[in-house]
Amino acid sequence: METLRVETLEREYEAVRSLAKVALDAAHQHHLPPTPTVFEVFFEYAADPNCPVRASVDSLTGTADSLNMATIERIYEEHLSNRGPGQEVMQIGTRLDTQLGQIAELVETRIGQDQDFIGKLDQAGKGFSLFARSRDMGEQIRNLAEESRAHVARTTLFSNELERSRREIEALRKELADLQNSVNLDHLTGIANRRRLDEVLAAEVKAAQAGRGPLCLAIADLDKFKGINDTFGHTVGDAILRQFAQLLRQNVKGQDTPARFGGEEFAVVFPTTALLGARHISEQIRQKLYAKAFVLSTSRQPIGHVSVSIGVTQLRPDDTVDTLIDRADKLLYKAKEGGRNQVVSAD
């Protein structure tokens with residue numbers, strides 16, 4: 001019975017995983033970044049042949065008004081904006097927890113069977129006496145031996161089933177984590193994407209307003225990045241984006257969240273960090289980036305220095321997520337207008 005439940009869960013999970021892979025492949029085929037919006041549109045396209053999303057996508061495929069980020073966002077707004085992202089994927093985690101609960105019930109059942117067996121042993125022991133006839137004693141011994149063999153067989157079967165279920169659930173959990181990472185991480189840089197940033201920021205704003213401590217947000221934009229792409233190509237530009245993401249990872253604390261905000265824009269959420277500390281870390285990041293002398297890996301042609309402008313702000317009592325982002329964004333553009341390659345902050 002337990003094996004059937006695991007196999008059913010495994011089939012359902014495999015179906016969701018296959019749809020997610022189709023969605024990511026479709027994004028790549030259309031030269032679109034696998035953002036949460038792109039993922040959801042193509043996931044819905046793959047999951048339901050009769051959905052409005054499929055009709056909208058098919059109407060654009062192969063036409064002059066081809067699929068691009070603008071059309072994808074329009075399709076998302078028309079059909080999916082009111083629905084939570086990746087619900088099918090997220091429900092798998094709940095199903096796994098349910099499966100573990102069912103295994104716990106098996107353990108309780110096994111304990112009950114063992115107690116029944118012990119009761120039979122006690123009853124058999126009471127049946128022996130010095131005055132019992134040898135034939136009756138032999139019958140009781142044979143019954144006891146038969147019950148012992150049946151008990152060993154049940155225990156062995158239970159142990160094997162439990163171990164098999166444990167291994168399969170561990171494998172499913174790992175695959176689920178990998179799949180969720182493909183939805184929550186930026187495909188190019190490997191750090192959190194905008195969807196994950198929005199989730200983290202909403203949770204941290206709520207925690208800070210509940211008294212957990214100060215919260216800061218930094219938004220960074222690589223200066224004159226379009227010129228790098230135009231001069232050296234998008235492959236070089238992508239490599240610089242990956243290196244900057246790595247620089248963010250190396251210079252933030254464990255509870256901080258670096259994320260790709262979009263394009264050449266990045267963000268860092270600083271929980272339980274006051275403005276002075278967030279500004280200090282942001283300044284370190286700015287200096288370390290500008291200290292690098294980028295060169296082409298093949299020809300060793302100098303690319304030069306790359307700078308970044310950063311706006312940093314701290315959460316105010318009346319802030320929402322949107323007002324916090326808006327203020328950090330305005331500070332970023334203040335840094336741009338002030339000559340770039342600098343950090344501008346406000347409390």
Side-chain angles (χ1 to χ4, degrees), residues 17 19-43 67-70 72-73 76 80 84-86 89-90 174-204 217-223 225-226 228-229 233-271 281-282 285-286 288-289 292 294 306 308-312 321 324-325 328-329 332:
R17 191 177 71 86
L19 289 173
K21 185 178 185 302
V22 170
L24 294 173
D25 289 344
H28 178 73
Q29 179 183 351
H30 290 281
H31 307 289
L32 293 168
T35 64
T37 299
V38 172
F39 177 84
E40 289 181 55
V41 167
F42 283 119
F43 187 93
L67 287 175
N68 52 44
M69 284 304 299
I72 287 291
E73 288 172 1
Y76 176 84
L80 300 174
V89 176
M90 302 311 166
K174 183 180 183 304
E175 289 194 38
L176 176 61
D178 292 341
L179 184 56
Q180 286 176 329
N181 282 338
S182 72
V183 177
N184 290 328
L185 297 184
D186 177 64
H187 181 69
L188 176 65
T189 62
I191 61 176
N193 57 20
R194 177 61 189 270
R195 174 183 178 275
R196 180 59 181 161
L197 171 67
D198 289 344
E199 289 179 348
V200 169
L201 198 53
E204 294 298 347
L217 173 68
I219 298 182
D221 185 88
L222 296 179
D223 297 325
F225 190 73
K226 184 178 183 300
I228 295 175
N229 279 334
H234 287 276
T235 301
V236 172
D238 290 348
I240 290 175
L241 292 176
R242 284 193 291 267
Q243 290 199 39
F244 184 64
Q246 178 67 14
L247 186 64
L248 291 178
R249 275 196 296 260
Q250 292 171 346
N251 286 273
V252 299
K253 304 190 297 289
Q255 62 182 345
D256 302 336
T257 301
R260 189 178 179 192
F261 199 73
E264 63 270 22
E265 275 194 319
F266 294 79
V268 182
V269 181
F270 296 101
I281 296 171
S282 299
I285 292 168
R286 183 198 67 80
K288 289 181 179 180
L289 175 66
K292 288 178 175 287
F294 289 94
V306 178
V308 64
S309 300
I310 306 176
V312 188
V321 171
L324 183 66
I325 293 175
D329 205 40
L332 163 64

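All values derive from a computational prediction rather than experimental measurement. Counting from 1, the numbers follow the sequence of the chain as shown.
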Problem set entry | Carboxylate-amine/guanidinium contact R242 D238, below 4.0 Å | no
Problem set entry | Heavy-atom pair with the smallest gap, counting every atom of V268 and L248 | CG2-CD2, 4.1 Å
Exercise. Just checking, any donor-acceptor pair under 3.5 angstrom between side chains of T189 and D186?
Worked result: yes
Exercise. Out of curiosity, I219 CD1 to S282 OG, how far, rounded to the nearest 0.5 Å?
Worked result: 11.0 Å
Exercise. Can you name the closest pair of heavy atoms from G237 and F225 and give their distance?
Worked result: O-CZ, 3.2 Å
Seminar exercise, completed: Value for CD1 (I72) from CZ (F42), rounded to nearest 0.5 Å, stands at 4.0 Å
Exercise. In Å, rounded to the nearest 0.5 Å, how long is the span from CD of E264 to CG of N229?
Worked result: 7.5 Å
Problem set entry | Rounded distance [0.5 Å steps], CG in D198 versus CZ in F261 | 7.5 Å
For this session: Enter the distance from D256:CG to R249:CZ here, rounded to the nearest 0.5 Å.
Result: 14.0 Å
Seminar exercise, completed: Taken in chain and number order and not counting sequence neighbours, the residues that satisfy ring-ring contact (aromatic ring centres under 6.0 Å, His included) with F270 are none
For this session: Classify the side-chain pair S309/D221 by whether it contains a donor and acceptor separated by less than 3.5 Å.
Result: no
Problem set entry | Non-hydrogen atoms of L289 and V306 that approach each other most closely | CG-O, 3.3 Å
Exercise. Stepwise, does the side-chain contact (heavy atoms from CB on, under 4.5 Å) test hold for L188 with L241?
Worked result: CA-CA 8 Å; L188 176 65; L241 292 176; 3.7 Å; yes
For this session: Measure the spacing between CG of L197 and CD1 of I325 and express it to the nearest 0.5 Å.
Result: 6.5 Å
